[in-house]
Structures are given as structure tokens and as C-alpha cells.
Protein chains: 2
Amino acid sequence: MVARGRVVADGRPSVGKPQMRARVLKAAMVAIAEVGPDRVRVQDIADRAGMSTGHVLYYFGRRDRILIDTLLLSEVDLAAVRDRRLARTPDAWAAVDVLARLYLADGPTDVRWKLWAQLIARPPTDAQTVRAFAEVIDSWGIALENVIRRGVATGVMRTDDPAEVAYRTCRCMDGLSLEILLATRGRSRAWAVRLVNDSVRRELATTGD
Amino acid sequence: MVARGRVVADGRPSVGKPQMRARVLKAAMVAIAEVGPDRVRVQDIADRAGMSTGHVLYYFGRRDRILIDTLLLSEVDLAAVRDRRLARTPDAWAAVDVLARLYLADGPTDVRWKLWAQLIARPPTDAQTVRAFAEVIDSWGIALENVIRRGVATGVMRTDDPAEVAYRTCRCMDGLSLEILLATRGRSRAWAVRLVNDSVRRELATTGD
DNA sequence: TGCTGATCTAGAGTGGCGCTCTAACTTGCG
DNA sequence: CGCAAGTTAGAGCGCCACTCTAGATCAGCA
């Protein structure tokens with residue numbers, strides 16, 4: 001036993017000083033943005049946090065966990081922004097546009113989506129983390145579903161199954177974001193935003209729209 | 001100059017013995033299936049090919065290139081299967097089903113999609129490879145577009161823009177495959193196949209269908 | 001057949017990096 | 001002060017991609 005204050009097996013460290021974790025995650029965001037999530041070293045993060053590599057790993061156990069928590073943190077932040085903006089946007093069509101712009105990748109170097117790509121390439125195994133990511137993904141679908149329900153309620157949209165449309169639209173935006181990341185063709189972000197808006201409008205528009 | 005028979009800078013090796021490359025790629029497929037594309041070592045591939053690691057890298061230069069070429073090879077094979085089966089399937093709705101089943105990930109361990117994930121996480125930089133992958137992606141869109149055109153021609157489908165529907169459907173299948181890979185919820189392959197079939201049918205069905 | 005240069009093959013060597021481990025330092029509490 | 005728990009640093013280990021070099025094999029030629 002003795003438990004030398006170290007990290008518990010595969011879970012989160014139970015040790016204190018959450019501000020240290022926050023500092024590391026902040027540094028990680030910067031480092032990832034500069035170096036890229038695939039190339040970033042623990043050393044890069046430690047440098048920017050003003051700590052040693054051993055110290056950083058004392059809090060996170062594994063390098064992967066730093067990237068995972070960074071993504072989770074950025075998703076939590078983004079979800080807050082999303083919910084705030086959606087609440088401020090009464091028109092359902094405008095809300096769809098807001099959501100699409102927040103969800104879709106900014107460009108080939110979009111940090112958030114590059115982290116997602118990293119995660120999918122090496123998926124986490126522990127149930128806790130898997131559930132956390134499932135909730136993040138769900139929250140986008142639910143947010144869009146609510147927008148659509150509002151559109152239906154206000155009479156500007158029409159559908160039998162808001163949840164299905166929302167889910168499918170999110171998966172489509174996933175694919176679009178991946179193509180933006182790959183940057184194979186000219187397929188730009190602006191083009192993807194327009195495609196999402198158009199296809200949703202075509203599917204949900206009431207007759208007169 | 002002198003060029004000691006080595007690999008040219010970032011491109012393909014110009015050296016002979018293509019059967020050696022083929023042998024490595026075949027071994028790579030096995031190794032990747034067993035170990036996973038993220039964990040597979042050059043040693044694993046070399047072992048299965050009956051060669052040394054140095055020998056393997058003599059032909060491919062970088063580990064990444066092995067994975068890239070493995071994916072390209074498997075895509076070429078799959079495209080051949082796809083075109084053959086589609087040619088044998090006159091009914092457009094049935095053809096959509098065939099294509100969806102070939103395109104979508106088999107399950108959380110699907111090798112082809114795991115390689116795609118790997119590729120997106122660390123995208124290739126050289127123009128030649130980027131173009132090759134763009135063509136692979138395009139070929140799926142074009143194949144689906146042709147199916148839809150056939151459906152329209154035979155009067156069982158209706159749409160203004162077959163290319164747009166095909167493209168969007170492919171991106172949706174990308175997103176679905178990613179979720180199958182992540183295996184967060186019960187979202188299974190069978191469920192995804194049905195979703196694609198249903199949504200395409202809903203979008204393209206003629207009135208009486 | 002023996003010579004020569006090009007190509008091929010093997011494996012030892014190198015460097016980098018994730019991760020571990022130990023030892024020292026700080027803090028809190030009686 | 002003294003002890004224990006928690007915190008910090010950094011040296012060290014092991015692994016793995018990639019490099020380098022030296023030898024093997026082969027092709028063409030006299």
C-alpha cells in the first residue's frame with residue numbers, strides 16, 4: 001500500500017493542486033497549437049508550463065492522458081460558448097448556422113479536430129473516458145436537436161424525427177471536418193458551412209420557404 | 001550524386017524488385033490486423049516478411065510510408081470489388097446498400113478505417129500522396145453518384161443534384177464509421193447501414209415509393 | 001572464368017522520447 | 001521540532017524509428 005502520493009492505476013490522479021493540472025493543460029494547448037498534437041513532446045508541454053517532464057507526468061501518468069484532458073477541456077469550453085450563443089439566437093435557421101460554424105473545423109490545422117483525429121487513431125480504453133467523450137458527442141446532437149425542435153415549434157421547420165436529422169447532420173459535419181483536415185482539394189471551411197446550411201434547409205424547409 | 005541505389009528524397013523508391021515491396025505490404029496488412037496500426041512496429045512487419053528492419057526501411061524510407069502504401073493498396077483492391085459488385089447490381093436501391101456495406105467500417109477494429117484514422121492524425125505532406133488519396137475519396141463519391149444517376153434514369157430515384165447527394169452521403173458515412181471506430185455507444189455497423197439506406201431512400205424516393 | 005560496379009541485404013549503432021524511479025524539498029499537524 | 005504526506009526535479013531505462021556501413025549477390029563484359 002503506502003501509496004506514495006502517486007497516481008491511481010488508470011484513472012485520474014486523486015492528488016491535490018488542481019491548479020497544476022490546469023496550468024499543464026493550458027501549456028498543452030499552446031504547445032499543441034504550435035507543434036501539432038502528433039509531434040508534441042512531453043518536454044514541449046513541460047517547457048511551456050515551467051516544469052520538468054517528470055513533474056508533468058506525475059499529474060497525468062501518461063502522455064495520452066494530457067491530450068485527452070486537453071480535448072475534453074476545450075470541448076467543455078466550446079460547449080459553454082455554444083449554449084450561450086444558441087440561447088441568444090432565437091431564429092432556428094440562424095442557430096443552425098451558428099452551430100455549424102462552431103462545430104466544423106477551422107482549417108487544416110484546427111487544434112480541436114486534430115486532437116479528435118489523434119483520439120480516434122488511438123482510442124482510449126477506460127470506460128470513464130469513453131463515457132466522457134460519448135457525452136461530448138451527444139451534447140452536440142442534442143443541441144442541434146433542440147434547435148430543430150424550436151424551428152418546428154415556431155413553424156419555420158418541418159420534420160418527423162428531429163433527433164435523427166440532428167444526429168445525421170452531426171455525422172456529416174464530422175466527415176466534412178475530416179476532409180478539411182486532410183486538405184486534399186479546395187474544399188474549404190466556408191464551402192462546408194454553406195453545404196450544411198443548404199442541406200439542412202432543403203431537408204427541413206416548410207413548403208413556402 | 002553517386003546515388004547508392006537508395007531512396008529518392010520524399011517520393012517513392014525508384015529501385016527495382018517491386019515484388020519485395022508487395023511482400024512487405026502483404027506482411028504489413030497481417031501485422032496491422034494483429035497489432036493495430038498505431039502500435040505496429042517496423043519489427044513486426046519485418047518479422048512477418050522474413051526480412052530485417054533495415055531491409056524493410058530500405059524500400060520504404062519511413063514507417064509512415066508503409067502504412068500509407070498499405071492503405072492505398074487496400075483501397076485499390078476494395079475499389080475493384082466495389083465496381084465489380086455495382087456492375088452486377090442493376091437495382092439502384094440495392095446498389096446503394098452494397099456500396100454502404102463496403103464503405104462503412106466493419107467494427108471497432110476495422111483495419112482499413114483504422115489506417116484512415118492514422119492518416120488523418122498525421123496527414124502526408126507530399127503532393128503526390130495527397131493527390132492519390134484525393135482520387136481514392138473521389139472514386140467513392142463518383143461511384144455513388146453513378147448509382148444515383150442510374151436510379152434517376154430508371155425512374156426509381158429523383159433528385160436535382162446527384163453529385164451533391166452522393167458527396168454528402170459519403171461524408172455522413174465517414175462520420176458514422178468514426179463513431180463505429182470509437183465504439184462509444186451501442187452504435188453498431190448494422191445500425192449505420194440501415195441509417196444510410198433509410199436516409200438515402202427518404203431523400204431520393206419518388207413519390208410512390 | 002575472373003573483374004568491376006550497381007544493387008540488395010543484414011544488423012549493429014544512434015538519437016530521441018515516453019515513462020520510471022529515487023531522492024530531495026515543502027507543507028501541515030501534533 | 002519531528003513525522004508523514006504530498007510535491008518537485010531530473011537522472012536513468014528501455015523501446016523504437018531511422019541511419020550507416022560492410023558484406024553478399026548479380027549483371028555485364030573481356
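Here is how names work: the chains are called A, B, and so on, in the same order as the sequence lines, proteins then strands, and each is numbered from 1.
In the set C/dG18, C/dT9, D/dA17, C/dG18 carries the atom at the smallest distance from any side-chain atom of A/Val42. Comparing atom distances between the B/Thr53 side chain and each of D/dC16, C/dT9, D/dC18 picks out D/dC18 as nearest.
By the 4.5 Å heavy-atom criterion applied to side chains, A/Arg48 and A/Glu34 are counted as neighbours. For the pair B/Val200 and B/Val196, the minimum side-chain heavy-atom distance is below 4.5 Å.
Rounded to whole Å, atom C1' of D/dA17 lies 20 Å from atom OH of B/Tyr59. Note: CG (A/Asp44) to C1' (C/dG18) measures 13 Å, nearest angstrom. Between the CG atom of A/Asp38 and the C1' atom of C/dC17 there is a distance of 15 Å, rounded to whole Å. To the nearest angstrom, P of D/dT19 lies 14 Å from CZ of B/Arg65. Atom CG in B/Leu57 sits about 13 Å away from atom C1' in D/dC20, given to the nearest Å. Remark: C1' of D/dA24 and NE2 of B/His55 are 12 Å apart, rounded to the nearest angstrom. Remark: P of D/dG10 and CD of A/Gln43 are 10 Å apart, rounded to the nearest angstrom. With rounding to whole Å, B/Phe60 atom CZ is found 13 Å from C/dC8 atom P.
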**OP:** Might you work through the side chain to side chain donor-acceptor pair (under 3.5 Å) test for B/Arg82 and B/Ser139, ending with a clear yes or no?
**Re:** CA-CA 10 Å; B/Arg82 176 194 70 205; B/Ser139 83; 3.1 Å; yes
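Among the protein residues, B/Val40 comes within range of the sugar-phosphate backbone only, with heavy atoms under 4.0 Å from sugar or phosphate atoms but none that close to a base.
For C/dC19, the OP1/OP2 oxygens have no side-chain nitrogen or oxygen of A/Tyr58 closer than 4.0 Å.
Aromatic rings from B/Tyr103 and B/Trp116 are positioned such that their centres are separated by 6.0 Å or more.
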